[in-house]
Amino acid sequence: MTFGQIKARALELARENPEDMPLFDGLVGAYVNEGYHDLLQRALRPRACALLELQDDGENGRFADLRALPRLIQVLRVRMDGRPIPFLLDDMRLYPLARGDGPLRVDFVRDEDDLQHDPDTPRLPPWAHPALADFAAFRLCAAAPGERAKRADFFHARFLETSARLSSRGPLGPAIPNRHGLRACT
């Protein structure tokens, strides 16, 4: 689904008039992006790698400027000359706690850019796109009293189901596969 289709579906789920899209466009778009970033970070946690050159600030030693990394969320691992090294983070600066002259290879979790234009497609599996409409409908209905608030709970539950399904398929899923058909201990 495209961003425009997701927004239209969210209005349909919230039982708003699709002709009122210009009135709701900014709000629904913000809710869709909120759900998008939530799914990305809670379930998929997209990763990237970059090479950063060390700079010298004279006072605290050598550092790599993390502002050069687009949409950085979390530093996972730092390597220098092919070996992992410990590091310290301070104010978007990464200080390696090992000696070496080569550039730092930084593995990090990143975020995606917002969906902005109607033809934009989320970088999620296609089966997860409807969850973004569910999240936007949840946010639209959540503040309303009565029956509409109950519908908001339904949409939120569907969104969380998709998040759990993405988590089990993503890099943060179960670490040890159940190869022998053993049941989970309770």
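Computation of the quantities below employed the complete heavy-atom set of this structure, encompassing side-chain atoms and omitting hydrogens, waters and symmetry-equivalent molecules.
Note that CD1 of Ile73 is 4.5 Å distant from CG of Asp111, once rounded to the nearest 0.5 Å. Atoms OG1 and NE2, on Thr2 and His117 in that order, are 13.0 Å from each other to the nearest 0.5 Å. Atom CZ in Arg77 sits 10.5 Å away from atom CZ in Phe87 (nearest 0.5 Å). Arg47 CZ to Gln74 CD: the interatomic distance, rounded to the nearest 0.5 Å, is 8.5 Å. The structure places OG1 of Thr121 at 8.0 Å from CD of Gln5, a figure rounded to the nearest 0.5 Å. Annotation: the span from Phe108 atom CZ to Leu52 atom CG amounts to 8.0 Å, rounded to 0.5 Å.
Met80 and Leu88 are assigned to two separate hydrophobic clusters, defined by single-linkage of ILVMFWY side chains at heavy-atom distances under 4.5 Å. Follow the hydrophobic side-chain contacts under 4.5 Å out from Leu97 and you never reach Leu54; the two are in separate clusters. By the rule that hydrophobic residues join a cluster once side-chain heavy atoms approach within less than 4.5 Å of another member, Leu51 and Phe63 end up as members of separate clusters.
At distances below 3.5 Å, at least one donor-acceptor pair connects side-chain atoms of Arg71 with backbone N or O atoms of Glu112. Remark: side-chain polar atoms of Asn33 are paired, donor with acceptor, to backbone N or O of Leu115 under 3.5 angstrom. Side chain of Asp38 to main chain of Glu34: no donor-acceptor pair is present (N/O by atom type, distance under 3.5 Å, no hydrogens or angles). A donor-acceptor contact shorter than 3.5 Å links the side chain of Gln41 to the backbone of Arg110. Side-chain N or O atoms of Arg9 include none that pairs as donor or acceptor with a backbone N or O of Ala137 at under 3.5 Å.
Side-chain contact between Pro96 and Val78 is absent, with no heavy-atom pair separated by less than 4.5 Å. Annotation: side chain of Pro130 is not in contact with side chain of Thr162 (no heavy-atom distance under 4.5 Å). Side-chain atoms of Val106 and Leu69, non-hydrogen and from C-beta on, do get closer than 4.5 Å to each other. Under the 4.5 Å side-chain criterion, counting only non-hydrogen atoms from C-beta, Leu76 is in contact with Val109. The shortest side-chain heavy-atom distance between Tyr36 and Arg123 falls under the 4.5 Å cut-off. Looking at heavy atoms from C-beta onward, Val32 lies in side-chain contact with Lys7 at the 4.5 angstrom threshold. A heavy-atom distance below 4.5 Å is found between the side chains of Arg42 and Leu160. Residues Asp120 and Asp114 have side chains not in contact (no heavy-atom distance under 4.5 Å, counting atoms from C-beta outward).
Taking every heavy atom of both residues into account, Leu132 and Gly35 meet most closely at CD2-C, 3.6 Å. Here the closest non-hydrogen pair linking Met92 and Leu72 is CE-CD2, 4.0 Å. Residue Met1 comes nearest to Pro122 through the heavy atom pair O-CD, 3.4 Å, listed as atom of the first residue, atom of the second, then distance. The two residues Leu124 and His129 come nearest to each other via the heavy atoms O-NE2, 3.1 Å. When every heavy atom of Ala64 is checked against every heavy atom of Leu104, the shortest pair comes out as CB-CD1, 3.9 Å. Between Gly61 and Asp56 the shortest heavy-atom distance is O-OD1, 3.4 Å.
By the 6.0 Å contact criterion, CZ on Arg15 is open, its count of non-hydrogen atoms from other residues, nucleotides or ligands being 12 or less. Annotation for Arg105: atom CZ does not count as buried by contact number, only 12 or fewer foreign heavy atoms lying within 6.0 Å. More than 12 heavy atoms of other shown residues, nucleotides or ligands fall within 6.0 angstrom of atom CZ in Arg83.
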> Given the rule in the salt bridge (charged side-chain N to carboxylate O under 4.0 Å, His left out) test, do Glu161 and Arg158 qualify, once you have shown the distances and angles that lead to the verdict?
Replying inline: CA-CA 5 Å; Glu161 286 173 10; Arg158 286 198 331 193; over 6 Å; no

>> Working note: Ile6 + Val28, criterion side-chain contact (heavy atoms from CB on, under 4.5 Å); need CA distance, chi angles, decisive distance, verdict.
In response: CA-CA 9 Å; Ile6 293 168; Val28 173; over 6 Å; no

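Aromatic ring orientation, His156 versus Phe138: parallel (interplanar angle below 30°, classes split at 30° and 60°).
The cationic atom of Lys150 (NZ for Lys, CZ for Arg) does not lie both less than 6.0 Å from the six-membered ring centre of Phe154 and within 45° of the ring axis.
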